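First comes the structure, then the notes that go with it.
If you're wondering where the values come from, they're calculated on a predicted model, not measured in any experiment. Every heavy atom of this structure was used, including side-chain atoms; hydrogens, water molecules and symmetry mates were not.
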Amino acid sequence: MKLILFLLIVFSAFNSNAQNSFVFIELFTSQGDETSPVAEEILYRTVAQEKKNGTKIVVLEYHVDYWNRLGWKDPLSKFHFTKRQENYSRVLAEKELYTPEVVINGTTSFSGTKEITLKEEIKKASMQTSQFDFTVSKDSIANDTLYVSYKTLKANQNAVFRFAITENAISTKIDQGENANKTLINNYVVRVLHSSDGIKQSAQIKVPVKGIKFNSNMEMIAFVQSKQSMKILGVKELK
């Protein structure tokens, strides 16, 4: 009887950890870089397989703008995303910005073309559990603003609440640059990334969505990130 009780406790703890674990992948990429489509293909294929296996994975694909002066201006790129990569380079001690770069859970970075490394790091990250629990809901959209509310049991002024809107299956015909004459299909592309400093026990966030045309290929992700280390503390996908 004691053995059965022990096994039930262990199984319950294991199941709880599995439910609270996540893998948060950020890819910094560019349509102007010939190696980026290779990394994207590796990432999409690997994530699809991991999701089939039950791994909870969230992906954000940022198109940076520093390739734009080298033959092709990536229509998905934003300077804001380059700044985000620069912020990671400071805490992860990267010597320079490059594409394709993968960052997992805000703590580990490597080249997106390294498929074996990607699989190994996903496995490691999937063993970690969420350090910050919260609930989030989409309230309404009015006047080019999306209203989002979150709740948590404990405030944290050393963390940032971030909200992203991504889009899948974006097709682009490339006319110039290293990928000239190719048609690229991009997934998980970040269309909106909005941040709110400091976590309260409850708050409503106003997310600017001017120019965004919502469609069935879009997803919404909320995540909490440490200000100092940039470690991802928790993540939620909105349905």
Side-chain angles (χ1 to χ4, degrees), residues 20-30 33 35-36 39-40 42-43 46-47 55-67 76-134 136 150 152 154-166 188-200 205 207 221-237:
N20 291 325
S21 66
F22 64 89
V23 180
F24 190 86
I25 300 177
E26 295 172 271
L27 174 67
F28 293 91
T29 186
S30 173
D33 167 29
T35 58
S36 284
E40 292 159 6
I42 290 172
L43 179 62
T46 302
V47 168
T55 306
K56 180 181 177 182
I57 298 185
V58 173
V59 180
L60 299 185
E61 179 175 299
Y62 304 101
H63 287 243
V64 297
D65 70 344
Y66 48 83
W67 278 90
L76 306 177
S77 67
K78 292 183 180 181
F79 176 66
H80 180 40
F81 302 153
T82 299
K83 292 297 295 183
R84 180 159 178 78
Q85 189 180 24
E86 286 180 352
N87 290 337
Y88 269 126
S89 72
R90 295 187 182 98
V91 298
L92 299 178
E94 297 285 359
K95 294 182 180 180
E96 60 183 2
L97 300 185
Y98 67 92
T99 56
E101 181 183 23
V102 169
V103 178
I104 295 187
N105 285 9
T107 59
T108 303
S109 64
F110 52 90
S111 171
T113 58
K114 296 182 177 179
E115 186 169 0
I116 294 176
T117 302
L118 175 64
K119 292 178 179 179
E120 290 174 344
E121 293 301 332
I122 286 176
K123 185 176 181 180
K124 290 179 185 178
S126 66
M127 296 177 183
Q128 303 172 21
T129 56
S130 175
Q131 297 183 6
F132 192 91
D133 192 27
F134 66 101
V136 62
Y150 72 80
T152 183
K154 188 177 180 180
N156 186 344
Q157 291 305 307
N158 294 316
V160 181
F161 177 87
R162 303 193 196 279
F163 189 85
I165 300 175
T166 65
Y188 310 110
V189 176
V190 178
R191 290 298 205 179
V192 173
L193 180 65
H194 181 75
S195 302
S196 178
D197 239 5
I199 303 294
K200 303 176 182 178
I205 307 299
V207 182
I221 298 102
F223 60 104
V224 175
Q225 186 168 28
S226 168
K227 287 183 184 179
Q228 287 77 26
S229 69
M230 293 191 71
K231 181 177 183 179
I232 305 301
L233 306 178
V235 59
K236 300 288 184 181
E237 295 178 273

Q. Does K124 pair with E120 as a salt bridge, N-O distance under 4.0 Å?
A.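 Salt bridge flag = no for E120 with K124.
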Q. Are D33 and S30 close enough that a side-chain donor and a side-chain acceptor fall under 3.5 Å?
A.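 Side chains of D33 and S30: no pair found under 3.5 Å.
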Q. Just checking, any donor-acceptor pair under 3.5 angstrom between side chains of Y88 and E94?
A.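 On atom types as modelled, these side chains do not qualify, holding no pair under 3.5 Å.
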Q. Which word best sums up how the rings of F161 and Y150 line up, parallel for under 30°, tilted for 30 to 60°, or perpendicular for over 60°?
A.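 Geometry flag for Y150 against F161: parallel rings.
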Can you name the closest pair of heavy atoms from [X] and [Y] and give their distance?
X    : Y    : answer
R191 : L76  : NH1-CD2, 3.4 Å
Q85  : Y98  : NE2-O, 2.8 Å
T46  : K119 : CG2-CG, 4.0 Å

Q: Using a 4.5 Å cut-off on heavy atoms from C-beta on, say whether the side chain of Y188 contacts that of L27.
A: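 Of all side-chain heavy-atom pairs linking Y188 with L27, none is under 4.5 Å.
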Q. Do T35 and P100 have side-chain heavy atoms sitting under 4.5 Å apart?
A.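 In contact.
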Q: State whether the number of non-hydrogen atoms from other residues, nucleotides or ligands found under 6.0 Å of K227 atom NZ is greater than 12.
A: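 Atom NZ in K227 is packed in, count exceeds 12.
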Q: Might you confirm whether atom NZ of K78 has over 12 heavy atoms from other residues, nucleotides or ligands at distances under 6.0 Å?
A: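 Counting other residues, nucleotides and ligands, NZ of K78 exceeds 12 neighbours.
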Q) Can you name the residues that form a ring pair (Phe, Tyr, Trp, His ring centres under 6.0 Å) with F134, not counting sequence neighbours? A)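 Checked F134 against ring pair (Phe, Tyr, Trp, His ring centres under 6.0 Å); zero matches.
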Q. Would F163 and V192 count as a side chain to side chain contact (heavy atoms under 4.5 Å, CB included) if you check the C-alpha gap in whole Å, the side-chain angles of each, and the deciding distance to 0.1 Å?
A. CA-CA 8 Å; F163 189 85; V192 173; 5.7 Å; no
Do [X] side-chain atoms and [Y] backbone N/O form a donor-acceptor pair below 3.5 Å?
X    : Y    : result
Q225 : M230 : yes
T82  : D65  : yes
S126 : K123 : yes
S130 : L233 : yes
T152 : D133 : yes

Q: Go through the steps for V58 and F22 under the test side chain to side chain contact (heavy atoms under 4.5 Å, CB included), then give the verdict.
A: CA-CA 8 Å; V58 173; F22 64 89; 6.0 Å; no
(Q) Could you go through V189 and T166, starting from their C-alpha distance and side-chain angles, then the distance that decides it, and tell me whether this counts as side chain to side chain contact (heavy atoms under 4.5 Å, CB included)? (A) CA-CA 5 Å; V189 176; T166 65; 5.9 Å; no
If you measure from [atom1] on [X] to [atom2] on [Y], what distance do you get to the nearest 0.5 Å?
X    : Y    : atom1 : atom2 : value
S36  : L43  : OG    : CG    : 11.5 Å
T113 : E40  : OG1   : CD    : 12.0 Å
E121 : T108 : CD    : OG1   : 5.0 Å
R162 : I221 : CZ    : CD1   : 14.0 Å

Q. Which is it for I57 and I122 under the side chain to side chain contact (heavy atoms under 4.5 Å, CB included) test, yes or no, and what are the steps along the way?
A. CA-CA 9 Å; I57 298 185; I122 286 176; 4.2 Å; yes
